[in-house]
Amino acid sequence: MGAHSARHLRRILRLHLVRSDLRDVADAAELALTELVANVVRQVPGRRCRVCFQLRPGGVRVEVADDCPELPVPAAADALDEGGRGLVIVAAVADRWGVAPYPAGPGETVWFECLSRAVPPAPRP
């Protein structure tokens with residue numbers, strides 16, 4: 001996985017969000033997805049992961065799963081560090097996020113949810 005893969009995943013995610021009237025969460029979801037994919041590129045041996053988009057009424061859930069034996073944790077990055085802020089950024093732009101370790105074996109799923117603030121149309125009488 002590389003930069004071109006992250007760009008492709010962002011485009012797919014935005015396409016689905018726009019078509020599902022979730023345009024207002026697209027920027028935040030794309031940024032959070034980019035950070036999780038960047039973490040895979042930097043931290044996961046072999047750079048392999050699985051990505052799942054779950055469009056839901058009023059929002060989206062994105063999951064990035066890998067087989068890395070080390071669980072990700074938000075880093076307390078120094079202001080001059082070049083990295084270490086990925087999960088901090090995810091926490092800042094997503095409404096919810098978390099890490100679910102695999103019950104049997106190494107690996108985890110890192111997920112986030114972005115909820116729409118758009119006012120739904122009023123029901124028709």
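Computed from a predicted structure; not experimentally measured. Heads up: numbering here begins at 1 and tracks the sequence. Just so it is clear, the values below take in all heavy atoms, side chains as well, and ignore hydrogens, waters and symmetry mates.
- Following chains of ILVMFWY side-chain contacts shorter than 4.5 Å, one can reach Phe112 starting from Leu87, so the two form part of one hydrophobic cluster.
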What do the steps show when you test Arg56 against Arg61 for side chain to side chain contact (heavy atoms under 4.5 Å, CB included), and what is the final call? CA-CA 7 Å; Arg56 299 174 172 186; Arg61 179 181 173 107; 3.2 Å; yes
Tell me, with the steps shown, if Glu108 and Asp66 meet side chain to side chain contact (heavy atoms under 4.5 Å, CB included). CA-CA 6 Å; Glu108 72 282 327; Asp66 63 61; 2.7 Å; yes
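- Taking each heavy atom of Val41 and Arg47 in turn, the nearest pair found is O-NE, 3.4 Å.
- Under a 4.0 Å N-O distance rule, the pair Arg14/Asp27 qualifies as a salt bridge.
- Taking hydrophobic clusters as Ile, Leu, Val, Met, Phe, Trp and Tyr residues chained together by side-chain heavy-atom distances below 4.5 Å, Val18 does not share a cluster with Leu33.
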Between Asp67 and Arg48, is a side chain to side chain contact (heavy atoms under 4.5 Å, CB included) present by the stated rule, with each step listed? CA-CA 8 Å; Asp67 297 327; Arg48 294 192 174 275; over 6 Å; no
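- Within the 4.5 Å cutoff, the side chain of Glu63 has no heavy atoms near those of the Val110 side chain.
- Arg117 places a side-chain N or O within 3.5 Å of a backbone atom of Leu115 that can act as its donor or acceptor partner.
- Here the CG atom belonging to Leu22 is positioned 5.5 Å from the OG atom belonging to Ser116, to the nearest 0.5 angstrom.
- Note on Phe53: it clusters hydrophobically with Val37, by side-chain heavy-atom contacts below 4.5 Å among ILVMFWY residues.
- A 6.0 Å sphere centred on CZ of Arg23 holds no more than 12 heavy atoms belonging to other residues, nucleotides or ligands.
- Val44 is connected to Trp97 through a chain of hydrophobic side-chain contacts under 4.5 Å among Ile, Leu, Val, Met, Phe, Trp and Tyr, so both are in one cluster.
- Atom CG of Leu13 is separated from atom SG of Cys114 by 8.5 Å, given to the nearest 0.5 angstrom.
- Cluster membership for Leu17 and Ile12, using ILVMFWY side-chain heavy atoms within less than 4.5 angstrom, is shared.
- Here the OH-CG distance, from Tyr102 to Leu71, works out to 11.0 Å after rounding to the nearest 0.5 Å.
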